[in-house]
Amino acid sequence: MSETPKVPTPRVNPETKPFWDATQEGKFLIKHCNACSEHYWYPRTMCPLCHSTDTTWRQSSGRGKIYSYSVMRRAPVPYAMAFVTLEEGITVMTNIVDCDLDSIAIDQPVRVIFRQSEDGAAVPYFTPA
Amino acid sequence: MSIRGKAYIAGAWEHPTRKAPDKSLAQLHAEMAKGALDDAGLSFDDVDGYLCAGDAPGMGSIGMAEYMGLNLRYIDNTETGGSSYVVHVGHAAAAIAAGKCDVALITLAGKPRSAGIARNRNPARGGGGETPEASFEGIYGPSTANMYGMAAMRHMHEFGTTSEQLAWIKVAASHHAQHNEHALLPNVVTVEEVLESPIISDPLHRLDCCVITDGGGGLVVVRPEIAKQLERPPVKILGHGEAPKHLNGGRVDLTYSGAVYSGPIAFEEAGVKPSDMDYASIYDSFTITVLETLEDLGFCEKGQGGRFVADGNLISGQGSLPFNTDGGGLCNNHPANRGGMTKVIEAVRQLRGQAHPAVQVPNCRLALAHGTGGSLGTRMGSSTLIMEAEA
Ligand SMILES: [Zn+2]
């Protein structure tokens with residue numbers, strides 16, 4: 001099993017505060033654009049696809065599959081970087097945790113989990129579903 | 001307005017150092033400037049345009065203009081990471097074409113080897129400061145190696161690219177580096193040796209990675225009238241393209257680079273096509289960077305890069321596309337973790353017929369230099385430059 005790295009504290013700003021408030025409740029929010037009906041990532045006020053600011057937060061299912069990954073073997077504690085494509089169709093950067101690092105594969109189904117940082121933030125990670 | 005034929009590269013100089021702990025950063029920039037101006041046969045007093053990236057000390061061009069005592073009417077601090085210097089050549093040519101300056105100096109210097117960056121295998125998490133993506137990326141420990149590793153992993157998944165094929169890129173670079181007395185890694189390596197080197201981040205081995213070196217270089221871009229008065233063989237700028245590629249709102253595709261945008265712009269302006277190139281300097285932070293870029297620039301079909309680079313096809317005198325004949329960033333020099341400058345310099349050597357005789361392309365008339373700054377795994381600044389040796 002992979003070792004658990006220290007959970008860092010995210011830098012929260014007024015634009016991203018709703019996301020980090022929601023993780024405290026176990027919810028993974030993504031942005032949805034009312035003008036072009038697309039989801040996008042990372043969260044920001046203006047839709048990068050059509051430039052509308054008529055955008056809202058939606059709760060993701062928190063489920064997806066691995067788009068790509070790379071196990072950082074030379075780190076003091078090896079860890080798995082990954083991009084995960086959510087069921088909603090957008091791809092997010094993350095770590096794959098709580099698994100054998102040698103068992104990770106592209107297209108593997110994964111689900112979101114949350115870990116507490118020392119400062120009390122809830123940080124999303126993904127683990128095999 | 002096109003820059004085609006409106007400006008020439010008159011000076012190109014690579015610093016021989018690979019480790020310079022006893023020099024300041026500004027001092028190194030001044031050495032690059034002197035080296036490039038001497039190469040051109042020009043002096044500091046001739047310079048009226050100066051370009052550097054955002055890593056130069058003291059607000060870039062402002063601090064360096066003061067340090068070097070430059071009197072300028074054109075300045076440019078464009079920062080696109082390691083590709084900055086390819087961008088700068090294009091910007092210098094545009095400025096000259098528009099009459100904004102006559103002699104443009106470009107410098108790069110840095111000392112990551114002295115600073116011990118090579119030992120950093122554990123990237124800080126939560127960094128990135130006020131960048132908008134910091135808390136959605138930086139907290140997960142992205143590093144150069146693992147981000148490029150993810151690009152390689154996906155390319156392998158979609159196209160069947162293999163580690164053996166990637167290794168051929170290092171092998172070709174090492175064949176060239178053996179003739180470069182300044183190369184950090186001058187020994188020829190085999191595919192087996194690349195595959196046996198330790199994994200840094202899957203699937204990239206240590207020998208899939210570029211070297212980390214101090215040093216840098218300089219370039220001088222001038223008006224055609226000035227180039228023709230100088231003794232060096234004139235190198236004409238034919239075309240230039242630049243573009244960012246990013247994650248596009250979460251529509252991630254790691255199998256291509258920004259070269260898909262910058263390449264066609266440059267080829268169209270130059271009025272040539274990939275198969276016309278006698279030589280190519282391809283940004284080589286990692287072997288996968290070269291493979292994706294060759295596909296994206298149109299040297300082969302998308303997904304066929306592995307077959308294209310295998311069996312020595314990039315080795316000068318042996319394969320169909322001689323690349324990075326100085327040994328590239330993979331074996332020779334990757335000063336300041338920024339490979340764009342040395343890419344342009346080796347292309348200029350080839351077009352002047354002044355590369356090492358063992359790697360010189362016979363009658364080299366058309367050459368390309370391509371830079372990839374930032375990260376193949378997230379957002380990058382890509383730039384393509386096409387040059388011609390004037391008969
Ligand atoms: Zn929209």
Just so I know, are the side chains of A/Cys33 and A/Leu49 near enough to count as touching, which here means a heavy-atom distance under 4.5 Å? no
Tell me, for [X] versus chain B, whether the close heavy atoms (under 4.5 Å) come from the side chain, the backbone, both or neither.
X	value
A/Pro10	both
A/Val71	both
A/Thr16	side chain
A/Arg44	side chain

Does the A/Asn95 side chain pair with the main chain of B/Tyr140, one donor and one acceptor, at a distance under 3.5 Å? yes
Under 3.5 Å: donor-acceptor pair, side chain of A/Glu118, backbone of A/Thr9: no
Given that the side chain runs from C-beta out, which part of B/Leu204 has a heavy atom under 4.5 Å from chain A: side chain, backbone, both or neither? neither
If you count heavy-atom pairs within less than 4.5 Å of chain B, which of [options] leads?
options	result
A/Thr91, A/Asn13, A/Ile90	A/Thr91
A/Thr85, A/Leu86, A/Ile30, A/Thr94	A/Thr94
A/Ala80, A/Pro48, A/Pro43	A/Pro43

Candidates B/Lys343, B/His370, B/His334 - the one meeting side chain to side chain donor-acceptor pair (under 3.5 Å) with B/Asp284: B/Lys343
Is it true that the NZ or CZ of A/Lys31 lies under 6.0 Å from the centre of A/Trp41's six-membered ring and within 45 degrees of the ring axis? no
Between B/Lys302 and B/Glu158, is there a side-chain N and carboxylate O pair less than 4.0 Å apart? no
